[in-house]
**Q** 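Dumping the structure here so I can ask a few things about it.
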2 protein chains.
Amino acid sequence: MQYTVKEVAKFAGVTIKTLHHYHKIGLLKPCKITNAGYRLYGSTELEQLQQILFYRELDFSLEDIKKALKDEPSRLECLTNQHELLMARKQRLERLVKTIEDSIVHAKKGEVMDKSKMFNGFNKEEWENALSEQGKYLKEKYGYTMPKVKEHQVDNLNEQATEAKQFICGISNALKNGWKADDERIQQMLENHILCLKNHSHNINAQSFAAQAKFFVEDDFHRNMLENEQIGLSYYLCIAAELYAASN
Amino acid sequence: MQYTVKEVAKFAGVTIKTLHHYHKIGLLKPCKITNAGYRLYGSTELEQLQQILFYRELDFSLEDIKKALKDEPSRLECLTNQHELLMARKQRLERLVKTIEDSIVHAKKGEVMDKSKMFNGFNKEEWENALSEQGKYLKEKYGYTMPKVKEHQVDNLNEQATEAKQFICGISNALKNGWKADDERIQQMLENHILCLKNHSHNINAQSFAAQAKFFVEDDFHRNMLENEQIGLSYYLCIAAELYAASN
DNA sequence: CGTAAGCCCTCCTCCAAGGTAAGAGTCAAG
DNA sequence: CTTGACTCTTACCTTGGAGGAGGGCTTACG
């Protein structure tokens, strides 16, 4: 089956001009050209076009796309690579959303925002560099940056409270960032938290923790505590704990 | 506190040239220019730059950004709009990720993919539909073309959509106000909604609705829809529906 | 058969959003 | 007072197309 420029353009959501352009620079050649000079594209070309568009979405220059497709002719490899890049871009977007949310909070309070925070997500390097080693670890594990914890605060007495706070904070951020309740990182957080509770001689396991979370939803005091931290948190925690218990 | 071009550029992750350019076209003027002609920026200008960058991220042209900032001088309003557009973009990205995952599956099996599926997420019409009314309004106003809405879709479907929107809005408010998930008023809302669905020939009852709500938590698309409305909403709805089904 | 409506072609110019480079002034430290 | 880092303006270049002119296909209809 072969398609004219108009058909391809409609499929892919590009203009005919774009197809002309890609032909001219040798990025996407039609599989056949009629006597009259009409361009005709086959399904192979459609696949190529799809890949081109993915790369374009990732702000590759057309020149770079050409190279990428030449260097990596295996479609599967290409797609996998693109998938990874897209995910990275999604994370960047999520940081931007977070920055904007921070800005909204500050704007509501009429406060001035910190200059470096203000451009969080725009400047990649800076973001990475701003993270301390510990922060990085936390970020990877919990997806947020902790305000620096001072060493002397972390003595045995309030270790548990600190952990609980971190846990709540982490779950809350996960909710804000839209992570699914069965996201691996959350399951990991739950596991750590439950382990920590165990270490402090609470007799607890995944099941009983889920039951406790359910109780939090029903109990006014605990629900309010959680909901004050973040609207919806008690419900999110309840479902996350349930899923964790079920998968355990 | 005032900053030179280099400092601002470093903060915001842009080049000095970009600042020059924005100055030239009148998009971002320095708050002061020294005798030697050096540009100096204050914190107001940093805020403006932040907003410009958010809009740029959303592929607004600089001309459109200028208009947007002129028409909507309230920072808070601006930020809220940008937040919404960013979330829409995130959804689009998620669709692209899905498309690429589909493509990988097909590629592994060596199958050829359906042409329309192949470009899912690229086609503008589709993702414009994902935008809320406000987002649409914004894009229209500042130079985005909207696809035409077909008339015949807009009667019967519309009624249902209106009810659904009201329902979601009501539940969302309940969550924000801290009502318990088994609050009588919520149970009432659920009953009405399910009744309404029944009237439109969905074969549904309390149990299947609860199952559906659970599915919403798991399904990326539906969860995002709800979470965009209000963080935690999908989880709240899931638990409320569960309790309603249980008491029924 | 002619002709009109859609397609399609090439070639040309134009646009935004900067990048690059040249040539020169400014500033702070030593 | 010199040196190096910083800044300015001006002018031209680049990318990824958009728009339009001018002119061929193709096909359906009378």
Side-chain angles (χ1 to χ4, degrees), chain A residues 1-42 45 48-69 122-123, chain B residues 1-42 45 48-69 122-124 139 142-145:
Chain A
M1 191 58 190
Q2 297 187 326
Y3 308 93
T4 65
V5 276
K6 199 186 187 193
E7 290 165 329
V8 174
K10 205 172 123 197
F11 280 147
V14 300
T15 67
I16 293 172
K17 284 281 164 196
T18 303
L19 293 177
H20 287 176
H21 189 58
Y22 291 176
H23 186 188
K24 190 156 70 184
I25 66 171
L27 181 55
L28 181 68
K29 289 170 203 152
C31 68
K32 193 181 154 193
I33 296 185
T34 70
N35 290 342
Y38 286 24
R39 295 167 179 83
L40 292 180
Y41 298 84
E45 284 72 33
Q48 280 175 34
L49 178 54
Q50 187 205 27
Q51 250 143 7
I52 290 168
L53 293 183
F54 275 125
Y55 276 128
R56 195 180 65 166
E57 183 67 26
L58 292 160
D59 290 334
F60 277 53
S61 74
L62 299 188
E63 205 43 52
D64 287 345
I65 295 176
K66 205 154 82 177
K67 271 186 239 158
L69 293 182
F122 286 123
N123 196 332
Chain B
M1 191 61 188
Q2 297 186 328
Y3 308 92
T4 65
V5 277
K6 199 187 187 193
E7 290 166 327
V8 174
K10 203 173 120 198
F11 280 147
V14 300
T15 68
I16 293 172
K17 277 292 149 197
T18 302
L19 292 176
H20 287 175
H21 189 58
Y22 291 176
H23 185 188
K24 190 157 70 185
I25 65 171
L27 181 55
L28 182 68
K29 289 171 202 152
C31 68
K32 194 181 153 192
I33 296 185
T34 70
N35 291 342
Y38 285 25
R39 298 168 178 83
L40 292 179
Y41 299 84
E45 285 71 33
Q48 281 175 34
L49 178 54
Q50 187 205 27
Q51 248 142 9
I52 289 168
L53 293 184
F54 275 124
Y55 276 129
R56 196 181 63 166
E57 184 68 26
L58 292 160
D59 289 335
F60 276 54
S61 76
L62 299 188
E63 206 44 51
D64 289 342
I65 295 176
K66 205 153 80 175
K67 271 186 243 159
L69 293 182
F122 286 124
N123 219 316
K124 270 200 177 170
K139 289 216 156 184
Y142 300 117
Y144 277 69
T145 39

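The chains referred to below are lettered A, B, ... by the order of the sequence lines, with proteins before strands, and numbering in each begins at 1.
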**Q** Whole angstroms only, please: what is the CZ-C1' distance between Phe60(B) and dA17(C)?
**A**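 Distance, rounded to whole Å: 17 Å.
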**Q** Answer yes or no: does a side-chain N or O of Thr4(B) lie under 4.0 Å from OP1 or OP2 of dT7(D)?
**A**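 Affirmative; the distance criterion is met.
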**Q** Between dG17(D) and Tyr22(A), is there an OP1 or OP2 to side-chain N/O distance shorter than 4.0 Å?
**A**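 True: Tyr22(A) side-chain N/O within range (under 4.0 Å) of dG17(D) OP1/OP2.
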**Q** How far apart are the closest heavy atoms of Leu69(B) and Ile52(B), and which atoms are they?
**A**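 Taking every non-hydrogen atom into account, CD1-CG1, 3.7 Å.
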**Q** In this structure, how many angstroms lie between the C1' atom of dA16(C) and the NE2 atom of His21(B), rounded?
**A**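 Computing the His21(B):NE2 to dA16(C):C1' distance gives 7 Å.
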**Q** Give a yes or no on whether the backbone of Gln48(A) and the side-chain of Gln51(A) come within a donor-acceptor separation of less than 3.5 Å.
**A**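 Between the backbone of Gln48(A) and the side chain of Gln51(A) there is no qualifying donor-acceptor contact (under 3.5 Å).
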**Q** Send over the distance from Lys24(A) NZ to dG17(D) C1', rounded to a whole Å.
**A**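 So the NZ-C1' distance, Lys24(A) to dG17(D), works out to 9 Å.
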**Q** Respond yes when some side-chain nitrogen or oxygen of His20(B) is under 4.0 Å from OP1 or OP2 of dT9(D), and no when none is.
**A**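 So the side-chain polar atoms of His20(B) never come under 4.0 Å of the phosphate oxygens OP1 or OP2 of dT9(D).
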**Q** Thr18(B) side chain N/O closer than 4.0 Å to the phosphate oxygens (OP1, OP2) of dA17(C)?
**A**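 It does not, given that no N or O in the side chain of Thr18(B) lies less than 4.0 Å from OP1 or OP2 of dA17(C).
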**Q** Answer with yes or no whether Lys17(A) presents, from its side chain, a donor or acceptor under 3.5 Å of a partner atom in the base of dG19(D).
**A**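 Yes, a donor-acceptor pair under 3.5 Å.
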**Q** Would you call the rings of Phe60(A) and Tyr55(A) parallel, tilted or perpendicular, where under 30° means parallel and over 60° means perpendicular?
**A**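 The rings of Phe60(A) and Tyr55(A) sit tilted, inter-plane angle from 30° to 60°.
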**Q** Round to the nearest Å and state the distance from Arg56(B) atom CZ to dA16(C) atom P.
**A**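 Whole-Å distance recorded here is 17 Å.
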**Q** Answer with base, sugar-phosphate or nothing: what part of the nucleic acid does Thr34(A) contact at a heavy-atom distance below 4.0 Å?
**A**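 Since no nucleic acid heavy atom lies under 4.0 Å of Thr34(A), the category is nothing.
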**Q** Contact class for Lys6(B) (heavy atom, under 4.0 Å): base, sugar-phosphate, or nothing?
**A**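 The answer is sugar-phosphate, as Lys6(B) gets under 4.0 Å only of primed atoms, P, OP1 or OP2.
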**Q** For Ile16(B), which contact category applies under a 4.0 Å heavy-atom criterion: base, sugar-phosphate, or nothing?
**A**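 Sugar-phosphate contact only - Ile16(B) comes under 4.0 Å of backbone atoms but never of a base.
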**Q** Using a cut-off of less than 4.0 Å, is there contact between a side-chain N or O of Arg39(A) and OP1 or OP2 of dT10(C)?
**A**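 Result: yes.
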**Q** Rounded to whole angstrom units, what separation is found between the NE2 atom of His23(A) and the P atom of dC8(C)?
**A**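 Rounded to the whole Å, the gap is 15 Å.
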**Q** What integer distance in Å separates Leu53(B):CG from dG18(C):C1'?
**A**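 After rounding, the gap between these two atoms is 14 Å.
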**Q** Starting at CZ of Arg39(B), measure out to OG1 of Thr4(B) and round the result to the nearest 0.5 Å.
**A**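 Spacing of CZ (Arg39(B)) from OG1 (Thr4(B)) equals 11.5 Å.
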**Q** Tyr38(B) has a side chain; which of dC8(D), dC25(D), dG16(D) sits nearest to it?
**A**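 Nearest to the side-chain atoms of Tyr38(B), counting from C-beta on, is dC8(D).
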**Q** Once you round it to whole Å, what is the distance between P of dT15(D) and NZ of Lys66(A)?
**A**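 In whole Å, dT15(D) P lies 11 Å from Lys66(A) NZ.
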**Q** Under 4.0 Å between a side-chain N/O of Thr15(A) and OP1 or OP2 of dG17(D), yes or no?
**A**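 Answer no for this pair, as no side-chain N or O of Thr15(A) is under 4.0 Å from OP1 or OP2.
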**Q** What integer distance in Å separates Asp64(A):CG from dT15(D):P?
**A**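 Result: 11 Å.
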**Q** Hey, does the side chain of Lys66(B) reach the backbone of Ile25(B) with a donor-acceptor pair shorter than 3.5 angstrom?
**A**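 Yes, because the side chain of Lys66(B) sits within donor-acceptor range (under 3.5 Å) of the backbone of Ile25(B).
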